[in-house]
Amino acid sequence: MNAARKLTRFAERARFLKKYYFTSQNGIIGIPGSFCTMVQQPQRTHGLVKLGVIGAVTGTAVGAGYAYYKINEARENIALEGTQLETTLLKYKPPVTPSRKIASPVDATGLKLTLFQYQTCPFCCKVDPVLRKEIGWSSYKKVPILLTKVEGGYQPLNDSTMIVSLLASYLHDTSHKIEELANYYPSVAMHDENGNFKYEIINKYFLMFNKQLPKDRSMNEITEERNWRKWADEVFVHTLSPNVYRTLDESYRTFNWFSEVGQWKEYFPTWEQMLIVNVGATAMWLIGKRLKKRHRLKDDVRQSLYDEANYWLRAIKARGTTFMGGSKPDLSDLAVYGVLKSIEGCDAFQDLLTHTNIGNWYNAVKEQVETHSGSVNLSR
């Protein structure tokens, strides 16, 4: 009986060992995969679940925070809509060394102006390399910015179109001070047609004649000039970027020209020049593709550039004059000239001269500008 009981116990132990252990081919006793699964897998699952919960909570918190920020921003923007942005008069001129100084031999206005600009910015050229840090004193983070010396300090003027309108208004009637005229161009908070919040300068295409219209200009001519200036800003200028950055190679050539005309060697170390050219050329090539789609240009963007240039030339031809302003360039001539001046060294500009007749008009305006002949037209 004792032997039978011992045999039974041995058989039970054998079944236990067989269930939880195995013998490998080399005779080593080990723990089977089924045992490992029973003991370790629940721990691994628990860790993954914990990680997933943490990720979900974090994502929810970040999403909720961002949503709260956007909602709060939208509320603030709605509250600001219709309000005017106050312009602060600067007591002192920002300590920035000018890259160049220009003294006009025909200037009798007495104005002391400092222009912050990019040499090749089409909007800057309308006013005729600046770093972000050089306009750090201004809450307005675009160029051009014009500082005008006035009584008590310096009056900052923002937006190329407003700057041109204000200066032209002043030249028409110098009895009004620059700071007084600036009040006629308030910057008002609003939402655009796409729902984007922005500050828009009211009246920026209008000249303030103070009820004294120029004797040799009709209201129809003044209105037409204003409409063409708006066309230059809202239509023509948007054909530029997709053209000068049309291909990667063309984008590189454009940036190399920017470097040359902007005299980057004088303001940047070699490594920074290379960084700006390489990163800038690649980035603008990609951005140019998006701008092509946004502004609905043709697949061949050159054709869109030619079409708009020819549209401008046909309007001048219909007037039977050398310029849109007649025998002398008006502000619309200067606006279109400034836009094209910014790409004068690019392939797109040379192609434009080859495939359209805009060269005759462009050179005629250039001659007027360089000989300061336009000053007579503005001061009449």
Side-chain angles (χ1 to χ4, degrees), residues 83-118 121 123-128 130 134-189 199-214 217 222 225-226 229-230 233 329-335 338 369 372 374-380:
T83 61
Q84 182 176 334
L85 182 65
E86 297 295 331
T87 301
T88 303
L89 193 70
L90 301 180
K91 290 185 178 180
Y92 304 101
K93 187 177 180 180
V96 178
T97 303
S99 61
R100 64 202 68 181
K101 295 182 180 181
I102 299 175
S104 172
V106 297
D107 179 30
T109 64
L111 291 175
K112 296 181 179 179
L113 309 174
T114 302
L115 179 65
F116 293 80
Q117 68 158 348
Y118 286 109
C121 167
F123 297 104
C124 297
C125 288
K126 285 167 49 183
V127 183
D128 194 85
V130 64
E134 293 178 315
I135 58 172
W137 51 269
S138 174
S139 59
Y140 185 77
K141 299 304 180 184
K142 299 179 181 179
V143 288
I145 299 175
L146 183 70
L147 281 186
T148 308
K149 183 71 171 66
V150 297
E151 184 178 350
Y154 292 85
Q155 174 75 44
L157 304 175
N158 307 326
D159 185 276
S160 61
T161 298
M162 187 273 272
I163 293 172
V164 170
S165 294
L166 188 148
L167 291 179
S169 299
Y170 177 79
L171 293 174
H172 172 73
D173 184 0
T174 57
S175 65
H176 293 281
K177 296 180 179 180
I178 292 291
E179 56 269 39
E180 292 175 350
L181 289 172
N183 293 328
Y184 292 101
Y185 300 95
S187 184
V188 177
Y199 280 94
E200 180 68 22
I201 297 177
I202 306 302
N203 302 325
K204 66 181 181 180
Y205 289 100
F206 287 79
L207 273 62
M208 303 302 160
F209 292 123
N210 193 29
K211 298 181 181 180
Q212 297 180 358
L213 295 179
R217 301 190 70 191
I222 293 172
E225 175 190 64
R226 185 165 60 242
R229 292 175 65 199
K230 191 173 182 180
D233 284 356
D330 67 4
L331 294 182
S332 67
D333 286 291
L334 296 180
V369 170
H372 306 284
S375 60
V376 178
N377 192 49
L378 289 173
S379 60
R380 64 188 176 183

| said: Run Ile222 and Leu213 through side chain to side chain contact (heavy atoms under 4.5 Å, CB included) and show every step you take. | reply: CA-CA 9 Å; Ile222 293 172; Leu213 295 179; 4.0 Å; yes
Q: Please say whether the positively charged group of Lys149, taken as NZ for Lys or CZ for Arg, lies over the ring of Tyr154, i.e. under 6.0 angstrom from the six-membered ring centre and within 45 degrees of the axis.
A: yes
May I ask you to test the Leu166-Ile178 pair for a side-chain heavy-atom distance under 4.5 Å?
-> yes
After noting the C-alpha distance and the side-chain angles of Glu151 and Lys177, does the key distance pass the side chain to side chain contact (heavy atoms under 4.5 Å, CB included) rule? CA-CA 9 Å; Glu151 184 178 350; Lys177 296 180 179 180; 3.5 Å; yes
Any side-chain donor paired with an acceptor under 3.5 Å for Arg229 and Ser165?
yes
Task: Side-chain touch Met208/Asp173, heavy atoms, less than 4.5 angstrom - done: no
Margin query: Testing the 3.5 Å rule here: is there a donor-acceptor pair between the side chains of Asp233 and Tyr205?
Written below: yes
Closest non-hydrogen atoms of Glu179 and Gln155, given as atom of the first, atom of the second and distance, are CB-OE1, 3.6 Å
Heavy-atom side-chain contact between Asn158 and Ile163 under 4.5 Å: no
Q) Under 6.0 Å between ring centres, would you say that holds for His172 and Phe209? A) yes
Separation between CE (Met162) and CG (Asn203), nearest 0.5 Å, reads 11.0 Å
Verify side chain to side chain contact (heavy atoms under 4.5 Å, CB included) between Leu111 and Tyr170, making sure each step is shown before the conclusion.
-> CA-CA 10 Å; Leu111 291 175; Tyr170 177 79; 3.8 Å; yes
Given side chain to side chain contact (heavy atoms under 4.5 Å, CB included), test Leu181 with Leu167 step by step and report yes or no. CA-CA 9 Å; Leu181 289 172; Leu167 291 179; over 6 Å; no
The reported gap from OH in Tyr185 to OG1 in Thr161 (rounded to nearest 0.5 angstrom) is 11.0 Å
dist Phe206:CZ -> Ser169:OG (nearest 0.5 Å) comes out at 11.5 Å
Report task. State whether the side chain of Asp333 and the backbone N or O of Asp330 hold a donor-acceptor pair below 3.5 Å, judged by distance alone. Result -> yes
| Validation row: Lys204, Asp159 side chains within 4.5 angstrom (heavy atoms) | yes
For Glu225, is there any backbone N or O sitting under 3.5 Å from a side-chain donor or acceptor partner on Ser332? no
